[in-house]
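Atoms considered below: every heavy atom in the structure, side chains included; atoms not considered: hydrogens, waters and symmetry mates.
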Amino acid sequence: MNSSWILLSIAILAEVVATSALKVSDGFTRPLPSAVTAIGYGLAFYLLALALKTIPVGIAYAVWSGAGIVAIALIGYFVFGQALDAAALAGIGLILAGVLVLNVFSGSGGH
């Protein structure tokens with residue numbers, strides 16, 4: 001895995017942490033989660049910008065959004081007790097399949 005993909009992975013992690021903190025910031029009324037949200041999104045977009053120097057934007061954004069959606073849905077379920085019905089699980093499965101196809105079978109990503 002080259003450094004751009006590592007940067008993208010860390011960017012996704014930062015975005016997931018920021019989004020989770022956004023949920024507990026209670027509308028930006030809690031200072032610590034609000035700060036984690038702002039810092040996390042700033043770091044996420046900075047690292048995404050660095051990754052985009054070598055990863056095509058369409059591929060990077062597909063991986064970014066797909067991985068982020070799956071991670072946040074799972075955090076919502078396990079941490080925040082939010083329900084996932086069969087349709088949501090099917091959709092998450094399709095998103096995961098798409099990210100896997102891009103990373104394993106596509107030559108467009110430059111990895």
Side-chain angles (χ1 to χ4, degrees):
M1 179 183 280
N2 72 31
S3 62
S4 293
W5 285 96
I6 293 169
L7 291 172
L8 180 59
S9 298
I10 299 168
I12 293 166
L13 178 63
E15 187 266 336
V16 168
V17 168
T19 301
S20 300
L22 182 62
K23 167 74 175 149
V24 297
S25 76
D26 198 28
F28 288 114
T29 60
R30 298 180 59 210
L32 183 59
S34 298
V36 170
T37 299
I39 292 166
Y41 281 134
L43 177 63
F45 282 104
Y46 174 71
L47 294 173
L48 175 62
L50 294 178
L52 289 177
K53 288 182 177 184
T54 59
I55 302 172
V57 68
I59 300 299
Y61 197 74
V63 172
W64 160 285
S65 59
I69 288 167
V70 170
I72 289 299
L74 293 174
I75 289 169
Y77 179 80
F78 287 108
V79 176
F80 300 118
Q82 299 170 345
L84 293 173
D85 60 13
L89 292 172
I92 289 169
L94 290 170
I95 291 166
L96 277 172
V99 170
L100 286 172
V101 166
L102 280 171
N103 280 293
V104 175
F105 300 110
S106 174
S108 299
H111 47 71

Less than 4.5 Å apart, any side-chain heavy atom of V24 and any of F80? yes
Minimum heavy-atom distance between A44 and E15, given as atom pair plus value: CB-N, 3.7 Å
Could you pull out the closest heavy-atom pair between N2 and S4, with the gap in Å? OD1-N, 3.0 Å
Does Y61, at its OH atom, have more than 12 non-hydrogen atoms belonging to other residues, nucleotides or ligands within less than 6.0 Å? no
Is there a path of hydrophobic side-chain contacts, each under 4.5 Å between heavy atoms of I/L/V/M/F/W/Y residues, joining F105 to L100? no
Apart from L94 itself, its cluster of hydrophobic side chains linked below 4.5 Å comprises none
Contact between L48 and L8 at the side-chain level, heavy atoms closer than 4.5 Å - yes or no? yes
Are V63 and I12 side-chain neighbours, meaning at least one heavy-atom pair lies under 4.5 Å? yes
Same hydrophobic cluster for F28 and I39, using side-chain heavy-atom links shorter than 4.5 Å among ILVMFWY? no
Kindly give the heavy-atom pair with the smallest separation between V99 and A62, and that separation in Å. CG2-O, 4.1 Å
Give me the other members of the hydrophobic cluster that F78 sits in, counting Ile, Leu, Val, Met, Phe, Trp and Tyr linked by side-chain heavy atoms under 4.5 Å, directly or via other members. I69, V70, L74, Y77, L84, L89, I92, I95, L96
Have a look at L22 and tell me which of T37, V17, V36 forms a side-chain contact (heavy atoms from CB on, under 4.5 Å) with it. T37
Can you name the closest pair of heavy atoms from A60 and L52 and give their distance? CB-CD2, 3.5 Å
For D85, which residues count as a side chain to side chain donor-acceptor pair (under 3.5 Å) partner, sequence neighbours excluded? none
Is any side-chain heavy atom of I72 closer than 4.5 Å to a side-chain heavy atom of S20? yes
T19 side chain near Y41 side chain, heavy-atom distance below 4.5 Å: yes
Which atom names give the shortest non-hydrogen contact between P33 and S25, and what distance separates them? CB-CA, 3.6 Å
Answer yes if L47 and L13 sit in the same cluster of Ile, Leu, Val, Met, Phe, Trp and Tyr residues linked by side chain heavy atoms under 4.5 Å apart, and no otherwise. no
